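Let me begin by presenting the structure, written as structure tokens, before commenting on it.
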Amino acid sequence: MSAFVDSLHETFERLGRIEARRMFGGYGIYHEGRMFALVTGDTLYLKSDTESAPHFDRLNLPPFTYMRQGKSMPMSYRQAPADLFEDREEAARWGWLAYESALRSGQPPKPRKPPAARKAAAKKAPAKKAPPKKTAVKRTAVKKKTTKAASR
């Protein structure tokens, strides 16, 4: 895990316990099973929605975007304000704002597998392939040759 991601535990200490999970070259940041932040590189993005967007707009904080088929696709995560890293109260305020946006999103919390279950899943043999489909064989009627005994 990166030093930046590790430091987020201290940054959001007043929010409560957070968890970082690797995803797509970055990290998802979770609180109580809900992803409320995203880290890519050393940039933190917080979950936003229509209710919290004015807070981000007031500070001109851009959304996280990615490229898809040559188009820039914005997501519902906005760059976190810089002063969040200097003030724990400010971090808690922004953290709660993002967490509440995650709650409003309607996405159910993602359960975390215990470490033993993750190791077992990783060691599990690959799934068996389905047996090949049987194709219907067209049967043609075969005429039996019958021989008549010649009576002489």
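Being a predicted model, the structure only gives us computed values, none of them experimental. All residue numbers refer to positions in the sequence shown, counting from 1.
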Compile the donor-acceptor pairs under 3.5 Å between side chains in residues 66-73 and protein atoms, sequence neighbours left out, one pair per line.
none

Exercise. For T65 and P74, which heavy atoms make the closest approach, and how far apart are they?
Worked result: CG2-CA, 3.5 Å
For this session: Name all residues meeting the ring pair (Phe, Tyr, Trp, His ring centres under 6.0 Å) criterion together with H31; count only those two or more places apart in sequence or in a different chain, and write none if there are none.
Result: W96, Y99
Problem set entry | Heavy-atom closest contact (R34 atom, L103 atom, distance) | NE-CD2, 3.2 Å
For this session: Please name all residues satisfying salt bridge (charged side-chain N to carboxylate O under 4.0 Å, His left out) with E100, sequence neighbours left out, ordered by chain then number.
Result: none
Exercise. About how many Å separate OH of Y45 and OH of Y77, when rounded to the nearest 0.5 Å?
Worked result: 13.0 Å
For this session: Tell me, please, which residues at least two apart from E90 pass side chain to side chain donor-acceptor pair (under 3.5 Å).
Result: R93, W94
For this session: Enumerate the residue pairs fulfilling ring-ring contact (aromatic ring centres under 6.0 Å, His included) with a member in residues 8-29, sequence neighbours excluded, ordered by first and then second residue.
Result: F12-F36
Seminar exercise, completed: Smallest heavy-atom separation, S48 atom then S52 atom, equals CA-OG, 3.3 Å
For this session: Please round to the nearest 0.5 Å and tell me the distance separating atom CD1 of I29 and atom CG of L44.
Result: 7.0 Å
Seminar exercise, completed: Here the pair of heavy atoms bringing R78 nearest to F56 is CB-CD2, 3.2 Å
Contacts table for residues 79-88: side-chain donor-acceptor under 3.5 angstrom, sequence neighbours left out:
residue, atom, partner, partner atom, Å
D87, OD1, E89, N, 3.0
R88, NE, E10, O, 3.0

Seminar exercise, completed: Sorted by chain and number, sequence neighbours left out, side chain to side chain donor-acceptor pair (under 3.5 Å) with S76 holds for K47
Exercise. Out of curiosity, L46 CG to H55 NE2, how far, rounded to the nearest 0.5 Å?
Worked result: 12.0 Å
Exercise. If you look at every heavy atom in L97 and R104, which pair is closest and at what distance?
Worked result: O-NH2, 4.5 Å
